[in-house]
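In what follows, a structure is listed as structure tokens, so that the remarks can point back to it.
Not measured: the values here are computed from a predicted model. In what follows, chains are A, B, ... by sequence order, proteins preceding strands, each numbered from 1.
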Amino acid sequence: QQQVKQSPQSLIVQKGGISIINCAYENTAFDYFPWYQQFPGKGPALLIAIRPDVSEKKEGRFTISFNKSAKQFSLHIMDSQPGDSATYFCAASTYTGNQFYFGTGTSLTVIP
Amino acid sequence: DAGVIQSPRHEVTEMGQEVTLRCKPISGHNSLFWYRQTMMRGLELLIYFNNNVPIDDSGMPEDRFSAKMPNASFSTLKIQPSEPRDSAVYFCASSLVGYRNEQFFGPGTRLTVL
């Protein structure tokens, strides 16, 4: 059973547009939500992460929005660039351990 | 640091053969994770170790899969016998034991079972 549900599976955005990837979870014990970015032929790498005590975290063009009551969180990429083309994974972990539960991934293509 | 090292990077084998994937975690890290990535199922955790001890192997698909971590700097994932449905990219990741610690992924091993 997928503990973290991610959508869409793929996304095509024009350069300069906003890319939005959504994730949802059920386990209320989750309290840490990282996003990983994976370029072709490479392993995933941490992009940005959020704790549930804040509703938003921004790092440059990347923003995580978090809705604790709805048990949803999303990644927004502002001013999307062709270099952002990659696969993005959301994840969640509980306060009791270091295992991450990953979403199924979103393949983002930014068209010049 | 060289990062997480995996070998081989590519492996092509025939159905029924034994396959061994290798991983060297980042020095000083004491958690190690094995993941499998496919288009259909995304990134699946197979097993993870803390301080060389297997903590959760519930993601291992079946008895054909086994993993060992004989010391802090080396781990193997073995598939015996291999089947075409095992074809995937296998990633190893390492981190420090503890809450919210970043996992660092290796470059992966692309396995093709004919």
Side-chain angles (χ1 to χ4, degrees), chain A residues 1-11 21-25 27 29-54 57 59 64 66 86-108, chain B residues 1-10 21 23-26 29-51 53-60 88-111:
Chain A
Q1 182 183 358
Q2 197 72 30
Q3 297 235 22
V4 178
K5 292 181 169 59
Q6 182 172 349
S7 63
Q9 185 174 1
S10 62
L11 182 61
I21 304 170
N22 300 299
C23 288
Y25 64 97
N27 187 347
F30 286 153
D31 78 336
Y32 177 64
F33 304 90
W35 284 87
Y36 277 71
Q37 179 187 54
Q38 182 185 26
F39 292 107
K42 305 291 186 182
L46 179 65
L47 178 65
I48 186 174
I50 196 169
R51 300 191 313 267
D53 53 343
V54 297
K57 182 172 182 179
E59 290 185 0
I64 300 177
F66 184 80
T87 299
Y88 293 81
F89 293 94
C90 61
S93 71
T94 69
Y95 56 86
T96 58
N98 59 332
Q99 178 180 352
F100 289 172
Y101 297 88
F102 282 92
T104 49
T106 297
S107 177
L108 172 65
Chain B
D1 199 316
V4 175
I5 298 172
Q6 291 187 246
S7 65
R9 293 295 310 277
H10 302 273
L21 311 181
C23 175
K24 177 179 171 55
I26 291 173
H29 282 184
N30 47 12
S31 278
L32 184 137
F33 306 80
W34 281 102
Y35 291 91
R36 178 172 68 177
Q37 183 176 24
T38 61
M39 289 294 292
M40 290 299 295
R41 300 174 68 88
L43 202 57
E44 301 175 273
L45 177 66
L46 300 177
I47 185 172
Y48 80 96
F49 298 81
N50 282 350
N51 297 308
V53 176
I55 302 301
D56 185 351
D57 65 354
S58 60
M60 297 287 260
V89 180
Y90 291 81
F91 287 102
C92 174
S94 71
S95 75
L96 292 170
V97 171
Y99 174 44
R100 297 177 179 167
N101 285 321
E102 178 180 353
Q103 292 185 17
F104 293 81
F105 283 75
T109 295
R110 180 172 294 277
L111 173 65

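- Ranked by heavy-atom pairs shorter than 4.5 Å toward chain A, the options Asn50(B), Ile55(B), Leu96(B) are led by Asn50(B).
- Only the side chain of Tyr35(B) comes within contact range of chain A, with at least one heavy atom under 4.5 Å from a heavy atom of that chain.
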Please test Phe100(A) against Phe33(B) for ring pair (Phe, Tyr, Trp, His ring centres under 6.0 Å), starting from the C-alpha separation and ending with a verdict. CA-CA 10 Å; Phe100(A) 289 172; Phe33(B) 306 80; 7.2 Å; no
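- If you measure heavy-atom distances from Arg9(B) to chain A, the contacts under 4.5 Å come from the side chain alone.
- Of the two parts of Gln38(A), only the side chain, counted from C-beta on, holds a non-hydrogen atom closer than 4.5 Å to a non-hydrogen atom of chain B.
- Neither the backbone nor the side chain of Tyr101(A) comes within contact range of chain B; no heavy atoms are under 4.5 Å apart.
- Along residues 44-53 of chain A, the residues that come nearer than 4.5 angstrom to chain B, judged on non-hydrogen atoms, are Pro44(A), Leu46(A), Arg51(A) in order of number.
- From Leu43(B), atom CG reaches atom CD of Gln6(A) across 10.5 Å, with rounding to the nearest 0.5 Å.
- For the atom pair Gln99(A) CD and Gln103(B) CD, the distance stands at 8.5 Å (nearest 0.5 Å).
- If you measure heavy-atom distances from Gln37(B) to chain A, the contacts under 4.5 Å come from the side chain alone.
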